[in-house]
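Note that the structure is predicted; figures quoted are calculated from it, not measured.
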Amino acid sequence: MPKKVKARNMRNEGKFSFMWDFFVLVMVLLLGEFFCPVSGPIGFRSMIVLYAIDGCLTLFFLYIMEKYAVTISGLYEKTVINILTNIYTFVIISFINLIFFKSADKFVADGFIAIGKVVALFVTDLILEKVRSNPKLRGKPKLLILGASSKNFNRMKRIKYGVLKNYESWYESIEGMSDEEVQDFVDEQFVKYDAICILDGLPEKEYSIMVKKTMELNIDLFVVPNLIDVGKTHARIVRFDDVLTLYMPKKNLSGIERFLKRAIDIVLSVVGLVIAAIPMVFIALAIKITSPGPIFYCQKRLTKGKKEFGIYKFRTMIPDAEKLSGPKFAEKDDPRITPIGKILRACRLDELPQILNILKGDMSVVGPRPERPVFVEQFEKEIENYEYRFEVKAGLTSLSHVYGRYSTYIHDRTYYDLFYITHYSLFMDFKIILLTSKTMFLKSAAEGEDDFKEKTTVNTEKETKPVEK
């Protein structure tokens with residue numbers, strides 16, 4: 001009888017990767033000191049401090065950009081994170097050097113060390129990836145996704161195919177089952193899986209049965225929250241007399257938060273204009289040469305308090321693209337999109353002119369993405385509490401922007417926006433900005449609805465039967 005292969009523990013793998021990265025960074029920094037000793041204005045103690053800052057910043061950026069998350073997509077995404085992390089670390093260390101030491105030798109040494117860290121981290125990730133993906137050593141953990149097919153069929157498919165890199169996933173609709181049938185189902189099936197994902201919209205009794213069984217088996221649990229539950233993760237514990245109560249205060253930005261957010265917006269937009277000036281000139285020339293019509297276009301969008309403003313973008317479609325079709329979202333292989341427009345959309349470079357909107361005060365760097373009035377009117381009728389996303393300014397990037405894609409359902413985008421508003425902090429803004437830089441290099445983030453359909457065209461009769469372990 002063949003030996004049963006244990007399932008990978010994704011959470012422990014993340015911790016193990018962090019420890020390996022820590023060890024690798026220490027070794028690279030020690031080798032950097034050995035091969036690139038720096039004299040002059042930087043003494044030995046200062047060098048130790050700078051190397052400590054370098055290592056801590058590198059680990060900090062790796063962690064913030066979620067290299068160790070259980071749903072990390074693979075080696076390519078980790079490599080993107082490694083490269084961006086070391087670019088940011090190099091910039092900060094060079095800035096410190098410029099302010100305090102002005103050492104050209106140290107600048108060159110830091111450049112070589114940054115390259116060495118990228119190579120060392122890549123090799124480490126490659127080895128770990130090869131070892132972990134060896135089916136003889138560890139198998140993929142099995143994930144069962146549960147929901148109601150009439151409400152969540154497409155979302156169940158999206159989750160299944162979105163985690164195939166790390167999980168052997170399957171989905172099952174429990175719609176129409178009685179409480180007794182649900183209990184029999186979880187007793188029989190849950191023991192075969194390493195993780196359970198429960199979608200929103202299920203009856204409370206069925207939800208309780210599944211959560212209780214998951215806790216009893218001590219396996220991983222993922223929960224897609226109802227809209228009302230989005231704010232609970234930020235709730236505070238209080239008590240009314242002796243009754244434990246969750247307090248979810250209405251989230252409004254304080255005067256200090258609004259001042260700091262606006263100050264950061266101004267600084268970043270000015271710096272962004274300086275950095276993006278030359279690329280924007282080349283983009284403008286490319287649009288002008290390859291496609292007749294204006295370089296920019298202005299479209300009406302809504303921001304805080306549903307205030308209407310004109311959003312600036314590089315034109316990526318043919319002139320008068322909606323003259324015949326009317327307002328509609330872009331699709332894969334949309335004939336209205338120009339060849340240059342496809343490239344700009346893939347890299348999100350068509351959004352660069354919105355830096356001017358931020359400088360004017362129409363938008364913020366981070367906030368819910370601005371929507372068109374015609375769609376807002378429709379969404380308010382379909383989505384509960386959709387209007388709450390207008391409590392803050394619209395943003396150049398957002399939580400839904402970094403975790404979703406162009407084809408993400410509006411309901412899920414709204415959940416992300418409300419989560420951002422109820423959990424707002426300057427640190428969250430900082431994290432979203434960092435994740436945005438990563439997203440620009442991930443093709444999956446730019447996939448449209450048709451991209452997803454092509455990847456998830458399946459026989460649904462076959463798919464709704466649970467996998468036997």
Would you say S94's side chain and V91's backbone share a donor-acceptor pair under 3.5 angstrom?
no
Carboxylate-amine/guanidinium contact R301 D362, below 4.0 Å
no
Does a salt bridge link R155 with D412, judged by any charged N lying under 4.0 Å from a carboxylate O?
yes
Indicate whether any N or O donor in one side chain lies under 3.5 Å from an N or O acceptor in the other, for Y51 and D110.
no
Is any side-chain N of the basic residue among E77 and K165 closer than 4.0 Å to the acidic one's carboxylate O?
no
Determine the interplanar angle of the F430 and F60 rings, folded into 0 to 90°, and report it as parallel if under 30°, tilted if 30 to 60°, perpendicular if over 60°.
parallel
Do you know which two heavy atoms are closest between D194 and P141, and how far apart they sit?
OD2-CA, 3.4 Å
Using modelled atom types and a 3.5 Å cut-off, is there a donor and acceptor pairing between side-chain atoms of S173 and backbone atoms of A148?
no
Residues E13 and R138 bridged, charged N to O under 4.0 Å:
no
Just checking, is any N or O donor in the side chain of D21 or Y68 under 3.5 Å from an acceptor N or O on the other one?
yes
Run the salt-bridge test on K151 and E175 with the 4.0 Å N-O cut-off and return the result as yes or no.
no
Quick one: do the Y386 and E371 side chains pair a donor with an acceptor below 3.5 Å?
no
In terms of heavy-atom contacts, D179 and I209 come closest through O-CD1, 3.8 Å
From CA spacing to verdict: side-chain contact (heavy atoms from CB on, under 4.5 Å), K117, D54:
CA-CA 11 Å; K117 287 190 295 180; D54 189 311; 2.5 Å; yes
Determine, step by step, whether D265 and K393 satisfy the salt bridge (charged side-chain N to carboxylate O under 4.0 Å, His left out) criterion, reporting the C-alpha distance in whole Å, the side-chain angles of both residues, the deciding distance to 0.1 Å, and the verdict.
CA-CA 11 Å; D265 286 342; K393 285 183 182 179; 5.6 Å; no
Face-on cation placement of R389 at F379 ring, 6.0 Å and 45° thresholds
no
Can R11 and D220 be counted as an ion pair, charged N to O under 4.0 angstrom?
no
Would you check if the side chain of R369 reaches a backbone N or O of A394 as a donor-acceptor pair within less than 3.5 Å?
no
Hey, does L268 have a side-chain heavy atom less than 4.5 Å from the side chain of I433?
yes
Where do I311 and F309 land on the side-chain contact (heavy atoms from CB on, under 4.5 Å) test, with the steps shown first?
CA-CA 6 Å; I311 193 172; F309 74 100; 3.8 Å; yes
Using a strict cut-off of less than 4.0 Å between a Lys/Arg side-chain nitrogen and an Asp/Glu carboxylate oxygen, indicate whether D125 and K67 qualify as a salt bridge.
yes
